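The structure appears below as structure tokens.
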Amino acid sequence: MTQRSIDHTFMARAIQLATKGLYTTQPNPRVGCVIVLGDEIVGEGFHQQAGGPHAEVRALNQAGSKAKFATAYVSLEPCSHQGKTPPCANALIDAGISRVVCAMQDPNPLVAGQGIKQLQDAGISVDCGIMGAEAEALNPGFIKRMKTGMPFVRVKLAMSLDGRTAMSSGESKWITGEAARTDVQRLRARSSVILTGRGTVLADDPSMNVRLSADELGSTIEPHQPLRAIIDGQLKISNESNIFKQHGECVVFTAVDESQAKCFTASQVVSLPAATGKVDLVKTLRYLAEQQINEVHVEAGSELCGALLGLQLVDEIVIYMAPHIMGDSAKGLFHLPKLEAMSQRINLKIKEIRQIGKDWRITVLPDYS
């Protein structure tokens, strides 16, 4: 095998390890590390949760004295700054690592190449860019937040074969089967916040929480409950709504003054009015990013989903398509009244199509160019 093939093999293992933290690392990135001496893996680790040991430290602890003169494969550039834990670059240097291979540079301005420089200044050989695309796919929210100050927005929708999301009465349970609904739970679990609108709360009275255990998610520790967020411009929802009764925190974004929201005893209320008198969605997402929110999972009706898409705030759309017909009077996916000509249509790039039980999951990326 060539050295590049060897590097790919061990980096693939590091990325595989990183996925073990898919549901638990918020707000930190998911990172895996493999320590290799000769052609033998002597240590492995992944970051489990914020405040706990980073992947490199866990791998070094497992490797012990065998880390000296070994190669470390890390899915993200080792950190060089003191946060809740000491810098990982220092740990690799102190352990006597001779070479570091990282998949990608850390976009965090506190690191941004400084970890690589620190390793190189210590005489350690560093190669960066092995399986970079695969590593980026692990942390779309963390990367976007660090680069733009905005979170990654994923809109989840369920529809019939004829593109309908609810009957004209508003009835929507259940369009898809049990397997698809379980799959949605995994999307919720990997997210930092679950965002919905007033219409969905009033029509369905949903819980909007994660209902899978660690075992069901294939995780070693229980997943966090994402923040639940509601867009309600005029504060029409009730404090007794089911969404406020679940474990975890809630926030309501509104256009009215926060002093009018004293009845919402179980949640935080943030007033972010737009010039239109509605909630400013750009400011809402920027506010969430400032709270270290990486991935926003949207489960809402056609108006909120359409507004987000119309403002080019959606990064990914996940559609679960069920094999049935709901008819002309049923409701559609997105409310986009300003699209009147073919030249105005929003193009989508198909990322993946996969069967989930009796339904199909279609993942697409909006093309705003």
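Not measured: the values here are computed from a predicted model.
- Contact between Asn28 and Ala50 at its shortest, heavy atoms only, is ND2-CA, 3.5 Å.
- A donor-acceptor distance shorter than 3.5 angstrom exists from the side chain of Arg228 to the backbone of Gln246, with no hydrogens or angles considered.
- A 4.5 Å side-chain heavy-atom check between Phe334 and Leu157 finds at least one atom pair inside the cut-off.
- Scanning both residues, Ala289 and Met150, for their nearest heavy atoms gives CB-CA, 4.0 Å.
- Val314 places a side-chain heavy atom less than 4.5 Å from the side chain of Tyr368.
- With Arg30 contributing its side chain and Leu22 its backbone, the two residues share a donor-acceptor pair below 3.5 Å.
- Between the Asp183 side chain and the Ala179 main chain, no donor and acceptor come within less than 3.5 Å of each other.
- The CD1 atom of Ile231 lies 13.0 Å from the CD atom of Glu303; values are rounded to the nearest 0.5 Å.
- In this structure, Gln48 contributes its side chain and Thr25 its backbone to no donor-acceptor pair below 3.5 Å.
- Asp7 has a carboxylate O that lies under 4.0 Å from a charged side-chain N of Arg99, or vice versa, which qualifies the two as a salt bridge.
- At a cut-off of 3.5 Å, with distance as the only test, a side-chain donor of Glu216 or Ser213 sits close to an acceptor on the other residue.
- With respect to the salt-bridge test (charged N to carboxylate O, under 4.0 angstrom), the residues Arg58 and Glu44 do not qualify.
- A donor-acceptor pair under 3.5 Å links the side-chain atoms of Thr254 to the main chain of Val256, judged by distance alone.
- Look at Lys236 and Asp232 and you find no salt bridge, because none of the NZ, NE, NH1 or NH2 atoms lies under 4.0 Å from a carboxylate O.
- In summary, the side chains of Gln355 and Asp359 do not present any donor paired with an acceptor at a separation below 3.5 Å, with no hydrogens or angles considered.
- Looking only at atom types and distance, the side chain of Ser238 has no donor-acceptor partner in the side chain of Ser241 under 3.5 Å away.
- Taking the side chain as every heavy atom from C-beta outward, Ile230 and Ile237 approach each other to under 4.5 Å.
- Within 6.0 Å of atom NZ in Lys144, more than 12 heavy atoms from other residues, nucleotides or ligands are found, so the atom counts as buried in its surroundings.
- Under a cut-off of 6.0 angstrom, the local environment of NZ in Lys66 is sparse, with at most 12 non-hydrogen atoms contributed by other residues, nucleotides or ligands.
- Under the 4.0 Å criterion applied to side-chain N and carboxylate O atoms, Asp315 and Arg154 are not assigned as salt-bridge partners.
- For Glu178, the CD atom is loosely surrounded, since the number of other residues' heavy atoms within 6.0 Å does not exceed 12.
- No close placement of the Phe142 and Phe152 rings is indicated, their centers lying 6.0 Å or farther apart.
- Judged by distance alone, the side chain of Ser219 and the main-chain N or O of Glu222 form no donor-acceptor pair under 3.5 Å.
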Original post:
When you look at Arg190 and His297, which way does the side-chain contact (heavy atoms from CB on, under 4.5 Å) test go after all the steps?
Top reply: CA-CA 9 Å; Arg190 69 168 290 164; His297 174 86; over 6 Å; no

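- Summarising the local packing, NZ of Lys117 is surrounded by 12 or fewer heavy atoms from other residues, nucleotides or ligands at distances under 6.0 Å.
- Remark: the backbone N or O of Ala255 is not paired with any side-chain donor or acceptor of Lys278 at under 3.5 angstrom.
- One distance of note links CG of Leu161 with CD1 of Ile325; it measures 4.5 Å at 0.5 Å rounding.
- For the pair Ser160 (side chain) and Arg164 (backbone), a donor-acceptor distance under 3.5 Å is present.
- Atom CG of Asp121 has more than 12 neighbouring heavy atoms from other residues, nucleotides or ligands inside a 6.0 Å radius.
- In terms of modelled atom types and a separation under 3.5 Å, the side chain of Ser192 and the main chain of Glu295 share a donor-acceptor contact.
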Subject >> Stepwise side-chain contact (heavy atoms from CB on, under 4.5 Å) check, His8 with Ile130 >> reply: CA-CA 7 Å; His8 270 81; Ile130 303 295; 4.1 Å; yes

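- Interatomic distance, CG of Asn209 versus CD1 of Ile243, reported as 9.0 Å (0.5 Å rounding).
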**OP:** Go through the steps to decide whether Asn242 and Ser207 satisfy the test side chain to side chain donor-acceptor pair (under 3.5 Å), and finish with yes or no.
**Re:** CA-CA 5 Å; Asn242 209 17; Ser207 300; 3.1 Å; yes

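- With a 6.0 Å cutoff to the six-membered ring centre and a 45° limit on the axis angle, Arg13 does not count as a cation-pi contact of Tyr73.
- A distance-only check finds no donor-acceptor pair linking the side chain of His47 to the backbone of Glu56 [under 3.5 Å].
- Taking hydrophobic clusters as Ile, Leu, Val, Met, Phe, Trp and Tyr residues chained together by side-chain heavy-atom distances below 4.5 Å, Tyr287 shares a cluster with Val296.
- The line from CG of Leu348 to CG of Leu309 is 7.5 Å long, rounded to the nearest 0.5 Å.
- You'll find the side chain of Ile353 stays beyond 4.5 Å of the side chain of Arg361, heavy atoms only.
- The CE atom of Met11 lies 6.5 Å from the SG atom of Cys102; values are rounded to the nearest 0.5 Å.
- Contact check for Val252 versus Leu235: side-chain heavy atoms found under the 4.5 Å cut-off.
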Original post:
How far apart are the C-alpha atoms of Glu316 and Val364, what are their side-chain angles, what is the distance that settles it, and do they pass the side-chain contact (heavy atoms from CB on, under 4.5 Å) test?
Top reply: CA-CA 6 Å; Glu316 182 177 270; Val364 297; over 6 Å; no

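- Side chain to side chain, Ser369 and Asp367 meet the donor-acceptor criterion of an N or O pair below 3.5 Å.
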